[in-house]
Amino acid sequence: MTGFLAGLCVAVLPLLTAGFWLGRRTARPESLGGLGTPVEHATFETLHTASLAAPPLRAGLTEETARRSARRLRTLLGTDALCLTDHENLLVWDGVGGHHRDEILERLAGPLDSGRGEAFRLHCETPDCPVRWAVITPLTVDDRVHGTLVACAPRESAVLVRAAGEVARWVSVQLELADLDRSRTRLIEAEIRALRAQISPHFIFNSLAVIASFVRTDPERARELLLEFADFTRYSFRRHGDFTTLADELHAIDHYLALVRARFGDRLTVTLQIAPEVLPVTLPFLCLQPLVENAVKHGLEGKTGTCHIQITAQDAGAEALVVIEDDGAGMDPALLRRILAGELSPSGGIGLSNVDDRLRQVYGDDHGLVIETAAGAGMKITARLPKYQPGVHQAARLATD
């Protein structure tokens, strides 16, 4: 899907170049600034203008994004005026002839309903008005019309009709990418809700049972565990933000392990080695706790003796390297691959695949979990977390617009 959209963008932009920009540059030659031939100069300027118009549109079609992209879209077409609309409202008018707004709005119904463009003469009683014709082109995403792009010019032009159609297709691609971004965000949120639902039933029941066992014999211990339980559940079910810091995630893990130790006693030992400089690193919410829970489960089940879990977080240049290792029963690698691929979902398996999927979605496939295991050999899980905060680069680029 993404490859198709990228290919469509590449195919559209040369058409824009061969149209208005080449004609205008041929008619009005100017310094090429060392960029080569007029065609090469026109290509560069078109691509540069399109690259500036794209970021706002990637946030969807709103008054703000329309305002920030309209001027550059009008530059691409070389028209006297351009406007963007949704189904009911004119979001922005860039250029001259703003008194034609109402007339444009009255003509939207046909293109919005049919999904086909329309060119028509504008009725104007102002003698020196520079716009006399308009071209309405629908903006579609997944065969649904989201709005329109309207280009206004002094005279009827078949070239303008075609160029407006190409620009509208390019804008539609940006809006489709925005829709995909929103879908990915909703998917991540759904996965977090699924992970919370998985954690809550078994862990809450076991924790409350342990706390209840101390109520009569050691009330102070019961009180401490109840506070640990409250802090952990408060963190796990918080509703603000999809990301957290490594420090907060480790703090929640500490609460979780306090409750687990109360249940298993001396059978479980945990060693932590955390480099202070990686504590502020940002990572997806509830990303490490399921890995520790997996280590507890597979470290203790099928064993009568003790289990040791080691958690390390090291500074690795541009990344934080987090390793969670246990000396438990381990797992057949073939079975693990099926769990991560979603083919199997045994108890405790959903957490691993959930975390692996979210890391890949946020940071790319190169940052999925690395798991080393074998039957009877324990398990070692490594996560590489980039030190940058997600969204910083995109926000900074938009802020410079």
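The figures that follow rest on heavy atoms only: side chains count, while hydrogens, waters and symmetry mates do not. Numbers here simply count residues along the sequence, with the first being 1. Bear in mind the structure is a predicted one, so any value in this text is a computation, not a measurement.
- Residues forming a side chain to side chain contact (heavy atoms under 4.5 Å, CB included) with A54 (at least two apart in sequence, or on another chain): W170, Q174.
- Scored by the salt bridge (Lys or Arg N to Asp or Glu O under 4.0 Å) test, E220 finds R223 as partners (sequence neighbours excluded).
- Between A81 and V96, the shortest heavy-atom distance links the atoms CB-O, 3.2 Å.
- Scored by the side chain to side chain contact (heavy atoms under 4.5 Å, CB included) test, V215 finds A222 as partners (sequence neighbours excluded).
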For this session: Decide yes or no on side chain to side chain contact (heavy atoms under 4.5 Å, CB included) for M379 and M331, but give the supporting numbers first.
Result: CA-CA 8 Å; M379 184 175 291; M331 182 180 295; 4.0 Å; yes
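- Residues passing the salt bridge (Lys or Arg N to Asp or Glu O under 4.0 Å) test with D231 are R234, sequence neighbours excluded.
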Donor-acceptor list for residues 106-113 side chains, cut-off 3.5 Å, not counting sequence neighbours:
from	atom 1	to	atom 2	distance (Å)
R107	NE	E118	OE2	3.3
R107	NH2	E118	OE2	2.5

For this session: Please lay out, stage by stage, how L225 and V210 fare under the test side chain to side chain contact (heavy atoms under 4.5 Å, CB included).
Result: CA-CA 9 Å; L225 291 175; V210 169; 4.1 Å; yes
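- Taking each heavy atom of A151 and L77 in turn, the nearest pair found is CB-CD1, 4.0 Å.
- In terms of heavy atoms, A252 sits closest to F232 at O-CD1, 3.4 Å.
- The residue from T65, T62, L90, L73 that alone fulfils the side chain to side chain contact (heavy atoms under 4.5 Å, CB included) condition with L84 is L73.
- The shortest side-chain heavy-atom distance between C307 and D327 falls under the 4.5 Å cut-off.
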For this session: Show the numbers, then the answer: is there a side chain to side chain contact (heavy atoms under 4.5 Å, CB included) between R132 and L122?
Result: CA-CA 5 Å; R132 299 293 178 177; L122 292 170; 5.5 Å; no
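- For the atom pair CD (E103) and SG (C124), the distance works out to 8.0 Å, reported to the nearest 0.5 Å.
- Remark: side-chain polar atoms of D332 are paired, donor with acceptor, to backbone N or O of A334 under 3.5 angstrom.
- Looking at S157 and W133, their side chains never come closer than 4.5 Å, going by heavy atoms from C-beta outward.
- Using modelled atom types, no side-chain atom of R68 and backbone atom of E63 make a donor-acceptor pair closer than 3.5 Å.
- A side-chain donor-acceptor contact under 3.5 Å links S172 to the backbone of T140.
- Annotation: side chain to side chain donor-acceptor pair (under 3.5 Å) contacts of R144 (sequence neighbours excluded): H146.
- The CD atom of E228 sits 13.5 Å away from the OH atom of Y256 when rounded to the nearest 0.5 Å.
- Ionic pairing of D94 and R74 is present here: one or more N-O contacts between side-chain nitrogen and carboxylate oxygen are shorter than 4.0 angstrom.
- Taking CG from L139 and CZ from R169, the interatomic distance works out to 11.5 Å, rounded to the nearest 0.5 Å.
- Side-chain contact between L359 and L283: absent, with no pair of heavy atoms (C-beta onward) separated by less than 4.5 Å.
- Applying the side chain to side chain donor-acceptor pair (under 3.5 Å) rule to H99 yields no partners; only residues at least two apart in sequence or on another chain are considered.
- Atoms CD and CG, on Q289 and L250 in that order, are 11.5 Å from each other to the nearest 0.5 Å.
- T373 pairs with exactly one of D326, L336, I381 by the side chain to side chain contact (heavy atoms under 4.5 Å, CB included) rule, that one being L336.
- Side-chain contact between I309 and T269: absent, with no pair of heavy atoms (C-beta onward) separated by less than 4.5 Å.
- The shortest side-chain heavy-atom distance between F264 and V260 falls under the 4.5 Å cut-off.
- Between P138 and A168, the shortest heavy-atom contact is O-CB, 4.0 Å.
- Contact check for L160 versus T79: side-chain heavy atoms found under the 4.5 Å cut-off.
- Under a cut-off of 6.0 angstrom, the local environment of CZ in R101 is crowded, with over 12 non-hydrogen atoms contributed by other residues, nucleotides or ligands.
- For the side chain to side chain contact (heavy atoms under 4.5 Å, CB included) test, residues two or more places apart in sequence or in another chain that qualify with V161 are A119, V135.
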Exercise. Is there a side chain to side chain contact (heavy atoms under 4.5 Å, CB included) between W93 and C152 once you walk through the steps?
Worked result: CA-CA 10 Å; W93 183 287; C152 302; 4.0 Å; yes
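- Of the inter-residue distances, the one linking L52 atom CG with R71 atom CZ reads 8.5 Å to the nearest 0.5 angstrom.
- Using a 4.5 Å cut-off on side-chain heavy atoms (C-beta onward), I311 and T271 make no contact.
- Between the T126 side chain and the D128 main chain, no donor and acceptor come within less than 3.5 Å of each other.
- In this structure the side chain of L268 never reaches within 4.5 angstrom of the side chain of T306, judged on heavy atoms.
- Shown here for T312 and Q310, the closest heavy-atom pair between the two residues is CG2-NE2, 3.5 Å.
- Looking at residues two or more places apart in sequence or on another chain, you find a salt bridge (Lys or Arg N to Asp or Glu O under 4.0 Å) between R67 and E64.
- Partners of A247 by side chain to side chain contact (heavy atoms under 4.5 Å, CB included), not counting sequence neighbours, listed by chain and number: T245, L279.
- Looking at residues two or more places apart in sequence or on another chain, you find no side chain to side chain donor-acceptor pair (under 3.5 Å) involving D80.
- The nearest pair of heavy atoms linking I104 to C83 is CG2-SG, 4.2 Å.
- Here the straight-line distance linking atom CD1 of I253 with atom CD of E293 works out to 10.5 Å at 0.5 Å rounding.
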Output a table of donor-acceptor pairs, distance under 3.5 Å, between side-chain atoms of residues 314-325 and any protein atom two or more places apart or on a different chain; print 'none' if there are none.
from	atom 1	to	atom 2	distance (Å)
D315	OD1	G317	N	3.2
D315	OD1	K387	NZ	2.5
D315	OD2	K387	NZ	3.2
E319	OE1	R384	NE	3.1
E319	OE2	H367	NE2	2.9
E319	OE2	R384	NH2	2.9

